[in-house]
Amino acid sequence: MDVTAIIEPLNAMQRQAVTAPAQSMLILAGAGSGKTRVLVHRIAWLIQAESVSPHTILAVTFTNKAAAEMRGRIEALLAISTRSMWIGTFHGLAHRLLRRHAKDAGLPDTFQVIDSDDQYRLIKRLLKTMNLDEAKWPPRQVQWFINAQKDEGIRARHMLESDDLYHRQMLLLYRAYEALCQRSGLVDFAELLLRAHELLRDNAEILDFYQQRFQHVHVDEFQDTNTIQYAWLRLITAGKDNLFIVGDDDQSIYGWRGAKVENLYSFQKHYPNHQVVRLEQNYRSTGNILHAANAIISHNEARMGKELWTDSGAGELISVYAAFNEQDEAYFVIERIRQWVNDGNIRQDAAILYRSNAQSRQFEEKLIAAGIPYRVYGGLRFFERAEIKNALAYLRLIANHHDDGSFERIINVPARGIGARTFAEVRQKAQQDNISLWQAATGLIADKKLSARAANALQSFLQLIDRLATASDTLELYEQVSAVIEGSGLLALYQQEKSEKAEMRVENLEELVNAARLYDPESDENHAKLDMFLAHAALESGDAQSDDYEDCVQLMTLHAAKGLEFKLVFLVGLEEGLFPTQQSAEDISRLEEERRLCYVGMTRAMQQLFVTYAESRRLYGRETYPRSSRCLREIPAEYIQEVRMRAKISHPLTAASRNGSAVAMEGGLKLGQLVSHVKFGEGVVLQKEGEGAQERVQVNFTNAGVKWLMLAYAKLEQI
DNA sequence: CTGACGAACTTTTTT
DNA sequence: AGTTCGTCAG
């Protein structure tokens with residue numbers, strides 16, 4: 001068997017990991033050390049060299065994207081189909097298990113998966129029916145509490161009564177929420193994992209079957225696993241020594257949603273025969289970037305220890321730019337990107353990374369003004385858009401008349417004369433008789449408890465759903481979707497609205513039909529197909545929009561950037577309060593997570609890294625004067641070059657011009673100097689950079705705003 | 001039932 | 001500042 005293609009491209013450590021005998025392995029893989037490659041090649045090696053049947057392989061990731069990439073790369077490497085392998089996300093695999101064994105898991109065959117938005121609405125509705133004040137028990141907090149318990153594998157019945165009022169109330173709500181979900185056949189994301197775990201734990205035969213089947217279990221990004229995910233892995237691999245995990249404790253950035261880095265330590269205890277391989281050679285970044293990143297992460301106490309190295313050169317220094325304000329920060333970044341593109345690079349290789357989504361705005365504005373195409377990652381995803389959610393709600397109600405969430409969502413969308421008053425009666429009836437909204441509505445009509453007008457409106461709504469449901473028995477999935485968006489009046493609703501937004505919505509609805517056409521579940525029963533499609537919509541919210549592949553500058557949060565790399569990276573907004581965030585300032589463990597986040601951000605850069613912060617920033621409509629981030633101050637000076645001489649005044653503009661204490665610079669012009677320009681009029685020099693022909697100054701013109709000017713061409717006059 | 005206005009809230013996010 | 005959500009008046 002020829003395995004050179006599998007081994008050839010690997011370095012010594014990677015090779016050691018890939019060709020290790022079948023046993024538990026811990027691959028501590030630093031940023032840019034080829035972690036996915038090791039995983040892919042390991043699986044290929046098992047199949048090719050060890051004659052392992054693909055059927056016995058399980059590989060778990062966190063995102064659909066990672067799963068798809070792994071599949072693709074294995075297929076490319078081996079030229080075989082990966083169909084028989086279980087490769088997927090924790091949630092996707094759990095869902096698969098639950099569909100197969102719904103009965104044993106205590107779920108109806110037609111159970112529906114709800115996303116966090118659905119969950120939020122459900123909780124809100126629950127609070128209302130329980131007559132609880134939202135202001136006192138914020139739905140977000142309730143949601144967070146419930147999910148946190150589930151992530152730890154804790155059911156409401158496991159929890160002890162407490163004297164604490166808050167805790168007691170939460171427990172009460174958790175119980176009620178569980179009952180409601182069970183009654184309506186709804187499964188949230190955390191529930192998928194918890195159920196799948198309980199299914200295996202409590203059904204010896206089923207567990208035995210999967211333990212037999214999965215002889216080789218692989219996990220990507222293991223540092224991001226939470227308690228229940230790890231417990232599930234332990235069940236699957238119990239009694240065997242076959243868990244192959246890849247992770248990096250330094251890149252654990254999801255602690256806030258239940259991820260436990262400690263699982264790495266637990267693994268070492270639970271799988272004592274495991275072998276550790278450290279991948280420390282970095283193939284991505286230059287020496288300076290890498291050393292600086294190492295220096296920052298070394299401030300963390302809790303680490304397994306790892307030091308990245310590279311045999312590529314030191315490269316350029318990290319450029320640090322102290323911007324005057326957030327506007328100036330954006331100008332600076334865009335200016336650099338323009339230069340970068342002028343130098344013959346492509347925009348796609350440049351990324352702007354920020355801590356919070358709100359920061360993207362000013363960069364977007366400046367990019368638009370400069371006419372530079374860009375793409376923001378992580379906005380609203382396809383299946384999360386309101387119009388799509390509405391269409392899906394119709395489909396869900398068709399699949400299950402007793403889905404109260406969907407019922408409520410669309411009962412009057414588009415408006416069909418069923419107002420709050422009528423709906424309140426339906427809800428009250430449902431609550432009183434402990435039946436679904438659908439049943440309550442039917443009952444109210446039968447008992448003639450409503451005004452003629454309300455009864456008519458309600459009746460025609462119920463008939464509409466029934467009609468669509470009957471039609472769907474014979475239609476293909478996509479025809480059904482099409483029938484629903486037309487028959488429901490959703491399409492017409494958006495079509496008559498003459499705005500650009502509405503046009504988008506129409507397009508999206510059409511795209512939904514297309515998505516249904518392309519969706520190919522492994523089932524031939526129409527009802528099952530619809531259920532699968534709805535679960536698919538919840539589980540795979542769909543990447544933003546993959547429409548145009550134009551060469552774009554990339555904008556995203558640091559979290560979204562994990563796993564990616566760019567030649568040119570701008571790490572912006574490195575200020576106390578923003579990054580690290582205000583909320584993490586008091587807590588050491590959270591500060592360490594912020595530091596890891598910074599580490600992740602820096603190690604995205606291949607060639608050049610710019611770090612910026614603003615000395616003054618408008619935040620929540622208020623002017624703030626933040627200190628530079630401690631993360632920034634932890635970078636040793638030897639790896640840094642400051643892009644400009646920083647004036648020792650917080651407002652160079654006003655302070656300097658008023659008292660005349662301008663800071664002297666070479667080249668004649670001074671910071672704070674008043675100048676005049678033929679076109680732009682009078683202004684104040686804010687800063688300067690570059691030398692000789694490249695020398696440039698930034699001037700704040702009274703009438704024309706802030707501008708960068710080439711000194712050689714600008715012909716500025718001192719006043 | 002719809003539209004308008006005002007209050008409250010603003011980390012990170014995948015599934 | 002900007003958005004979202006809920007209440008209020010028409």
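Numbers restart at 1 for each chain; the letters A, B, ... are given by sequence-line order, proteins then strands. Excluded from the calculations below are hydrogen atoms, water molecules and symmetry mates; all remaining heavy atoms, backbone and side chain alike, are included.
- For A:K124 and C:dG6, the shortest distance from a side-chain N or O to OP1 or OP2 is below 4.0 Å.
- The shortest distance between the side-chain N/O atoms of A:Y620 and the OP1/OP2 oxygens of B:dT11 is below 4.0 Å.
- When the C1' atom of C:dT7 is taken as reference, atom CD of A:E134 falls 13 Å away, rounded to whole Å.
- Following rounding to the nearest Å, A:Q141 (CD) and B:dT10 (P) show an atom-to-atom distance of 10 Å.
- The listed nucleotides are C:dA1, B:dT12, B:dT15; the one nearest the side chain of A:R618 is C:dA1.
- Aromatic pair A:F62/A:H91: centroids not less than 6.0 angstrom apart.
- Residue A:A415 has its side chain nearest to B:dT2 when only C:dT3, B:dT2, B:dT11 are considered.
- At a cut-off of 3.5 Å, with distance as the only test, no side-chain donor of A:E593 or A:Y254 sits close to an acceptor on the other residue.
- A side-chain donor-acceptor contact under 3.5 Å links A:Q182 to the backbone of A:G106.
- Between A:A560 and A:P414, the residue anchored nearer the 5' end of DNA chain B, judged by the nucleotide with its closest heavy atom, is A:P414.
- In this structure, A:Q119 atom CD and B:dT13 atom P are separated by 18 Å, rounded to whole Å.
- No N or O donor and acceptor, one from the side chain of A:R355 and one from the base of B:dT11, sit under 3.5 Å apart.
- To the nearest angstrom, C1' of B:dT15 lies 15 Å from NZ of A:K65.
- Of all nucleotides listed (B:dT15, B:dT12, B:dT2), B:dT2 comes nearest to the side chain of A:N412.
- Residue-level contact check: A:L192 touches neither bases nor backbone, having no heavy atom under 4.0 Å from any strand.
- Separation of the C1' atoms belonging to B:dT12 and C:dC5 is 23 Å when rounded to the nearest angstrom.
- A:T557 has a side-chain polar atom (N or O) that falls below the 4.0 Å cut-off from OP1 or OP2 of B:dT13.
- Summary of the strand contacts: A:G417 and A:H559 both lie near DNA chain B, and taking for each the nucleotide with the nearest heavy atom, the more 5' one is attributed to A:G417.
- In this structure, CG of A:D587 is placed 15 Å from C1' of B:dT12, rounded to the nearest angstrom.
- Listed pair A:R140 / B:dT11 fails the phosphate criterion, with no side-chain N or O lying under 4.0 Å from OP1 or OP2.
- For A:N64 and B:dT15, the shortest distance from a side-chain N or O to OP1 or OP2 is below 4.0 Å.
- Residue side chain A:R257 reaches the base of B:dT14 through a donor-acceptor N/O pair under 3.5 Å, judged by distance alone.
- Taking 4.0 angstrom as the limit, A:R381 places a side-chain polar atom (N or O) nearer than this to OP1 or OP2 of B:dT14.
- A:F111 does not carry A:R195 over the face of its six-membered ring by the limits of under 6.0 Å from the centre and within 45° of the normal.
- With rounding to whole Å, A:L193 atom CG is found 16 Å from B:dT14 atom P.
- Across all strands shown, A:R622 has no heavy atoms under 4.0 Å from either base or sugar-phosphate atoms.
- Picking from B:dT15, B:dT13, B:dT11 the nucleotide with the shortest atom distance to the side chain of A:W256 gives B:dT13.
- For a distance-only test at 3.5 Å, the side chain of A:T89 fails to qualify as a donor-acceptor partner of the base of B:dT14.
- For the pair A:M556 CE and B:dT12 C1', the interatomic distance rounds to 15 Å; values are reported in whole Å.
- For the pair A:N357 and B:dT13, the criterion of a side-chain N or O lying under 4.0 Å from OP1 or OP2 is met.
- Using a 4.0 Å heavy-atom criterion, one finds that A:S584 contacts no nucleic acid atom at all.
- Across all strands shown, A:S356 has heavy atoms under 4.0 Å from sugar-phosphate atoms exclusively, and none from any base.
- Summarising the geometry, the separation between CD on A:Q229 and C1' on B:dT13 is reported as 13 Å, rounded to the nearest angstrom.
- Looking at A:E575 and A:S629, their side chains never bring a donor and an acceptor atom within 3.5 Å of each other.
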For side chain to side chain contact (heavy atoms under 4.5 Å, CB included), just list the numbers for A:R617 and A:E326, CA-CA rounded to whole Å, side-chain angles, deciding distance to a tenth of an Å, and then say yes or no. CA-CA 5 Å; A:R617 178 180 298 272; A:E326 79 280 352; 3.6 Å; yes
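- Taking the six-membered ring for Trp and the full ring otherwise, A:Y230 and A:F222 have centroids separated by under 6.0 Å.
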